[in-house]
Amino acid sequence: MGPRAILPEGEPPIVVEGLVNRFGDFTVHEGLDLTVQPGEILGVVGGSGTGKSVLMRSIIGLQHPNAGTVHVLGREITGVDPDENIGVRCQWGVLFQGGALFSTLTVGENVEVPLKQFYPEIDPSLRRDIARYKVQMSGLPEDAIAKFPSELSGGMKKRAGLARALALDPKLLFLDEPTAGLDPIGAAKFDRLTKELKETLGLTVFLITHDLDTLYEICDRVAVIADRHVIAVGTIPELLESEHPWIHEYFNGPRGRAARDTHDRGEMDLHG
Amino acid sequence: MEAAAQYSLEDDGAGGERLVLSGSYLISTIGFVDHELFDIEGPLSAIDVSGIEQIDTTGAYIAVRLASEHDAEMRCADPSIQRVLNAIDRTGHRADLTPPRIAVWKRVPMEMGQKVYNARSGIYGVIGFFGQILLGFASLLRHPSRFPMKALVRQMELVGVAALPIIGLMSFLIGVVIAQQGAVQLEQFGAEALTVNLVGRITLRELGVLMTAIMVAGRSGSAFAAQIGTMKLTEEVDAMRTIGLSPIEVLVIPRILACTFMMVLLGFYASMVAIVGGAVVGQLALGIPFFTFLERIQEVVPTYDLWVGLIKAPVFGLIVALAGCYHGMQVKGNSEEVGKRTTLAVVSAIFAVIVLDAFFAVFFTEVGWG
């Protein structure tokens, strides 16, 4: 196994430069640049079909871009044989939209898979213990460990997917629409969990979302994708100042305003 | 590279020893020391984690578990390490990762009983499914405008036209092999001329239709099961029901009709190509001219041989399509089920076809079409 990639203190863990992605004649990204700062939760927003998921897939090496470079933890990802990147791969966790759990394994066994793959020297009984507390950390009840994915609800699948993403104690966490399809209470809990994990474990989180409440509650910065590149990155107050019509409509539409009001009320309760 | 995980035991007065952890306690380093740590006999009075450079939840889990096993005090000066330890402290899951396994002497009879029960309900299921199809036909007869013509034509193309090359090649080679191997045996009696009878009768009566049925079961029966099974998983079938479309009418009947009808044509085509294959061997190896071979076929093969083949073909087609659609509709749960049901569809279709073929052989001989 290659040595673990170690990022010098304070360097950005994800740097995307000049990314170009095309499917046939359809250009998804044209010269997209994005830098994720260490220890932040970066929310990525954009209309449907603007290539948020494609961007995530490019960063984690599932999609080969037509041009541009992606550096994760200081190592180049694009055009490099996956085997050479194991030192980076063992330090990220990915939660796919539907959870993407292995359907023939139980939740606990799902969490064990990355552990077995990357750290075969770990004793099986310790590995089971690790799987158990990861499942508990992700907020699933005890009896869910031995269940198969088909026996879980949508929200539980997401939590199980998160447990698997956290299995290797990653430095980077990629979440693709973690709260989509969850009830508001479940979504709020998931948000709190993400924030808690980031604070205790010092994670850097790349979070694709449509959920305005998530943006307000937990994201340190937000990147907006439109017109085939990142049109703005910044904190929400900064983006609220933006003149761009899409950003303006996004944050000042009825849902955007409702999310802001909820957030402001929450802040008032806290401070007042 | 991170520093390795290290530990040392120091005397801590009356309570016992003090375990001092240092270096990196990360998932990448823990696998080399966890055995030694859990083998420490103690008694430990305290675990000092202040010297740890880097810790993740796995390292914290080890420290917390050691502390609880030895009832030792955790000493930590670093707030960031303390925060990770706190995240772990609340854990208490002891559940097994896999569902509980039943003892083998209980499991074997249970599974046996389950198999018998499943076989019974499988037969009920198939009969019920066949009944649903008949009802579907009846309602289509009452409302002919609902007839899924487009789907039928599409399935006919997939089951029939698209299968022509592969079935043609297979039948041609079967004809070649029968003629060539038959000639070798018949030569011993000086009866090479009877090769024509052999090829003509066996392909029209038996092999043309039987081999085609097996091929169609592998090509189309499996496709039916996989397509319908996937549609069940993605809830397409449920969506159809809520809109008021009957999945039997929309999905099953076109496939059943296409397969039943195309099987007749494919079986006939297969027999013809096999005879041509035999005739080619006759021309090249046996000294029987190509067209003489074909003329002789007319003379030596009774017409009822053709009817035997043509009567069996739609029955086999129906069985193949029924097995494919039935198993497709039975899919539920996960993607593994689709694979299992697809296999079952092919296996049960081929099995049923061969069993029925044996009955047909006896039946037709009894009625004088031998």
Side-chain angles (χ1 to χ4, degrees), chain A residues 1-6 86-87 90-91 101-112 114-115 118-137 140-151 163 166-171 196-197 199-203, chain B residues 1-3 5 24-39 53-62 64-66 68-69 79-101 233-234 331-340:
Chain A
M1 195 171 99
R4 275 161 77 96
I6 299 193
I86 287 179
C90 66
Q91 293 187 70
L101 296 167
F102 304 123
S103 58
T104 55
L105 302 177
T106 62
V107 170
E109 288 169 333
N110 260 286
V111 180
E112 274 191 306
L115 293 167
F118 285 105
Y119 302 111
E121 76 273 7
I122 291 179
D123 189 68
S125 76
L126 175 61
R127 195 169 60 216
R128 277 193 291 278
D129 287 343
I130 295 175
R132 258 182 227 122
Y133 80 70
K134 298 285 171 180
V135 170
Q136 192 183 25
M137 263 169 81
L140 282 170
E142 184 157 8
D143 61 348
I145 296 181
K147 280 190 179 158
F148 286 95
S150 56
E151 301 169 286
L166 291 171
L168 297 173
D169 270 307
K171 295 250 174 9
E196 225 176 85
L197 287 169
E199 278 164 5
T200 36
L201 309 177
L203 299 177
Chain B
M1 210 54 202
E2 294 98 354
S24 299
Y25 275 74
L26 301 176
I27 190 163
S28 53
T29 59
I30 204 75
F32 304 102
V33 294
D34 65 297
H35 278 289
E36 299 168 30
L37 286 172
F38 287 124
D39 286 346
E53 289 165 28
Q54 282 180 291
I55 192 163
D56 65 10
T57 56
T58 309
Y61 173 78
I62 301 267
V64 169
R65 202 174 122 189
L66 280 170
S68 73
E69 270 178 19
S80 67
I81 292 177
Q82 188 61 48
R83 206 157 58 188
V84 182
L85 289 175
N86 288 346
I88 289 302
D89 233 0
R90 285 163 289 167
T91 60
H93 275 192
R94 305 298 324 153
D96 235 346
L97 298 197
T98 44
R101 271 175 84 82
L233 279 192
T234 54
V331 168
K332 47 177 126 18
N334 55 31
S335 51
E336 194 189 17
E337 183 92 347
V338 177
K340 214 168 78 190

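Below, chain A is the first sequence line, B the second, and so on; all start at residue 1. From a predicted model like this one, the values you see are computed outputs, not experimental measurements.
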**Message:** To the closest 0.5 Å, what do you measure between OG1 (B/Thr58) and CZ (A/Arg127)?
**Reply:** 13.0 Å
**Message:** I'd like to know whether B/Leu26 forms a side-chain contact (heavy atoms from CB on, under 4.5 Å) with A/Asp169, so could you lay out the CA-CA distance, the side-chain angles of the two residues, the decisive distance to 0.1 Å, and finally the verdict.
**Reply:** CA-CA 8 Å; B/Leu26 301 176; A/Asp169 270 307; over 6 Å; no
**Straight-line distance of B/Gln82 CD to A/Thr200 OG1, nearest 0.5 Å** = 13.0 Å
**Fill in**
If one checks every heavy atom of A/Ala144 against chain B at 4.5 Å, the contacting part turns out to be neither
**Request:** Could you tell me whether the side chains of A/Ser150 and B/Lys332 share a donor-acceptor contact shorter than 3.5 Å?
**Result:** no
**Asked** Considering all heavy atoms of both residues, which atom of A/Glu199 and which atom of B/Arg83 are nearest to each other, and what is their separation?
**Response** O-NH2, 3.0 Å
**Item:** Segment of B/Ile55 engaging chain A (4.5 angstrom heavy-atom cut-off)
**Value:** neither
**Message:** If I measure from the heavy atoms of chain B, does A/Lys147 come under 4.5 Å with its side chain, its backbone, both, or neither?
**Reply:** neither
**Message:** Within the 4.5 Å heavy-atom criterion, are A/Leu115 and B/Ile27 side-chain neighbours or not?
**Reply:** yes
**Request:** Show your working on side-chain contact (heavy atoms from CB on, under 4.5 Å) between A/Tyr119 and B/Ile30 and close with a plain yes or no.
**Result:** CA-CA 10 Å; A/Tyr119 302 111; B/Ile30 204 75; over 6 Å; no
**Request:** Ignoring hydrogens and angles, tell me if any N or O in the side chain of A/Asp123 forms a donor-acceptor pair with the backbone of B/Asp34 under 3.5 Å.
**Result:** no
**Message:** Quick check for you: to the nearest 0.5 Å, what is the distance between B/Tyr61 atom OH and A/Lys134 atom NZ?
**Reply:** 11.5 Å
**Heavy-atom pair count under 4.5 Å with chain B, highest-scoring of A/Gly202, A/Gly108, A/Ala146** = A/Ala146
**Request:** Any chance you could measure B/Arg65, atom CZ, to A/Tyr133, atom OH, to the nearest 0.5 Å?
**Result:** 11.5 Å
**Fill in**
For A/Ser103 and B/Ser335, the nearest pair of non-hydrogen atoms, with its separation, is OG-OG, 3.3 Å
**Message:** Shorter than 4.5 Å, heavy atoms on both sides: which option in A/Asn110, A/Leu168, A/Leu126 has the most such pairs with chain B?
**Reply:** A/Leu126
